[in-house]
Peer 1: 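Here you go, one structure.
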Amino acid sequence: MDVTSFVSIKAAFDEALKCFGRVDVVVNNAGYTLIGDAESSPPGNTEVRALFDTNFWGAVDVTKCALSIFRDINPASGQQGGVIVNVTCMGGFLGSPGSAFYNASKFALEGFAESVAKEVAPEWNIHVVNVEPGAVRTNHTPTALERMQRHLAYVGNPNCATNRMLGSIDDVRAHGALLKPEEVAEGIYMVVESVDKILIRVPLGRVAWDAILEEARRTGLDWVLFAKIMRFRGRCCEKLQITKSY
């Protein structure tokens, strides 16, 4: 299925309905990575727009098709509803150097998904989840990773974190710590089978969990500091209270 073609998307759903009569789970996993210095993207940002066509708009069109099937077609063969799983990676929660546009596409998808989850009526029984794994041991690096032309101001500068990031990608010794595809699949299955509640965001793997929890902790500290500054300057509502320490 080509997610940049609505005709291809609809054909895939039509074939699934022909074979199974219904669709219960849809996984938005199509995507690729564009790495490099954000400043190096030329006017028009052609590469970036192509990235968004796949990573974001493709998932948007797939989601819209899935929603109508979950709500309007599935009741004819059983329970109404279904689950949309977006594989966004931890880059949908926190930004990293050299991945500005990739992260932006994943941030956009997570924001879209969260809004859709709040738009659908509860009785439709439709759930949306953003699964956020760390790096996975697949053929993603040789086949689904594109490098932008470097900006000369950043090349060779030891203070520019993108250089370290690019070095880690090229270091095959670091690839042993990657998640196995089977682990991601198992995590998705556990999320979809969740009895109590399907969360809107689920980090997968130790690397993703640690990075996202640290980002949340750091953000909490920043907010507490900002609240203290605002209270000190008398610009905050008198009812503002800091109820939790980080």
Side-chain angles (χ1 to χ4, degrees), residues 1-32 49 51-95 102-133 136 184-205 208-209 212-213 215-216 219:
M1 180 173 69
D2 178 5
V3 297
T4 65
S5 166
F6 189 78
V7 173
S8 176
I9 293 171
K10 188 176 184 307
F13 275 106
D14 288 345
E15 184 64 23
L17 290 173
K18 180 180 177 180
C19 291
F20 306 108
R22 61 184 289 117
V23 176
D24 292 297
V25 179
V26 171
V27 179
N28 280 315
N29 190 45
Y32 65 96
R49 294 178 187 275
L51 177 81
F52 268 77
D53 282 343
T54 297
N55 291 13
F56 177 66
W57 289 114
V60 167
D61 286 338
V62 170
T63 296
K64 290 191 295 183
C65 283
L67 291 175
S68 62
I69 293 173
F70 291 165
R71 181 188 60 241
D72 303 328
I73 296 179
N74 280 357
S77 59
Q79 185 180 29
Q80 185 181 46
V83 183
I84 297 172
V85 180
N86 297 315
V87 181
T88 63
C89 92
M90 64 183 188
F93 189 90
L94 54 91
Y102 175 75
N103 289 153
S105 70
K106 295 300 185 179
F107 268 67
L109 180 54
E110 291 214 356
F112 169 77
E114 184 172 355
S115 295
V116 168
K118 295 175 180 177
E119 289 178 0
V120 295
E123 62 267 24
W124 296 346
N125 191 32
I126 295 175
H127 306 274
V128 186
V129 57
N130 296 311
V131 173
E132 303 166 331
V136 182
V184 177
E186 182 181 0
I188 292 174
Y189 183 82
M190 292 176 62
V191 169
V192 172
E193 288 289 298
S194 177
V195 175
D196 297 326
K197 182 180 180 180
I198 295 180
L199 303 177
I200 190 64
R201 289 181 176 85
V202 178
L204 285 184
W209 270 103
I212 289 174
L213 287 176
E215 181 71 9
T219 300

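Since the structure is predicted, the reported quantities are computational estimates derived from the model, not experimental observations.
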Peer 1: Write down the atom of Phe93, the atom of Glu132, and the distance for their closest heavy-atom approach.
Peer 2: CB-OE2, 3.9 Å
Peer 1: Do Glu15 and Cys19 make a side-chain contact, defined as non-hydrogen atoms from C-beta onward lying under 4.5 Å apart?
Peer 2: yes
Peer 1: With side chain to side chain contact (heavy atoms under 4.5 Å, CB included) as the test, would you mind laying out the steps for Thr219 and Glu215 before giving the verdict?
Peer 2: CA-CA 6 Å; Thr219 300; Glu215 181 71 9; 4.1 Å; yes
Peer 1: Check whether Asn74 reaches the backbone of Gly81 with its side chain - one donor and one acceptor, N or O, closer than 3.5 Å.
Peer 2: yes
Peer 1: Hey, could you give me the CG/CD1 distance between Leu17 and Ile69, rounded to the nearest 0.5 Å?
Peer 2: 4.5 Å
Peer 1: First locate atom CZ of Phe112, then atom CG of Asn130, and finally report the distance between them rounded to the nearest 0.5 Å.
Peer 2: 10.5 Å
Peer 1: Do Asn125 side-chain atoms and Gln80 backbone N/O form a donor-acceptor pair below 3.5 Å?
Peer 2: yes
Peer 1: For the side chain to side chain contact (heavy atoms under 4.5 Å, CB included) test, which of Val85, Val191, Ile84 pairs with Ile198?
Peer 2: Val191
Peer 1: Tell me, please, which residues at least two apart from Arg49 pass side-chain hydrogen bond (donor to acceptor under 3.5 Å, both in side chains).
Peer 2: none
Peer 1: Run the side chain to side chain contact (heavy atoms under 4.5 Å, CB included) check on Leu67 and Val116 step by step: do they pass?
Peer 2: CA-CA 10 Å; Leu67 291 175; Val116 168; 4.1 Å; yes
Peer 1: Quick check: closest heavy atoms across Lys106 and Val87, and the distance to 0.1 Å?
Peer 2: NZ-O, 3.2 Å
Peer 1: Determine the minimum heavy-atom distance between Asn103 and Gly95, stating which atoms define it.
Peer 2: OD1-CA, 3.3 Å
Peer 1: What pair of heavy atoms forms the shortest contact from Ala113 to Ile200, and how long is it?
Peer 2: O-CD1, 4.1 Å
Peer 1: State, to 0.1 Å, how close Phe70 and Val23 come at their nearest heavy-atom pair, and which atoms those are.
Peer 2: CE2-O, 3.1 Å
Peer 1: For Glu114, is there an ion pair with Lys118 - N to carboxylate O distance below 4.0 angstrom?
Peer 2: yes
Peer 1: Check whether Arg71 reaches the backbone of Val120 with its side chain - one donor and one acceptor, N or O, closer than 3.5 Å.
Peer 2: no
Peer 1: What side-chain donor-acceptor pairs closer than 3.5 Å can you find for residues 51-61, not counting sequence neighbours?
Peer 2:
from  : atom 1 : to     : atom 2 : distance (Å)
Asn55 : OD1    : Tyr32  : N      : 3.1
Asn55 : ND2    : Tyr32  : O      : 2.9
Asn55 : ND2    : Ser105 : OG     : 3.2

Peer 1: Taking all atoms of both residues into account, what is the closest heavy-atom pair of Ser77 and Gly21, and its distance?
Peer 2: OG-O, 3.8 Å
Peer 1: Within this structure, what is the CG-CG distance for the pair Leu109 and Asn86, rounded to the nearest 0.5 Å?
Peer 2: 4.0 Å
Peer 1: Are Ile9 and Met1 close enough, and set up right, to give a side chain to side chain contact (heavy atoms under 4.5 Å, CB included), and what steps lead you there?
Peer 2: CA-CA 6 Å; Ile9 293 171; Met1 180 173 69; 4.1 Å; yes
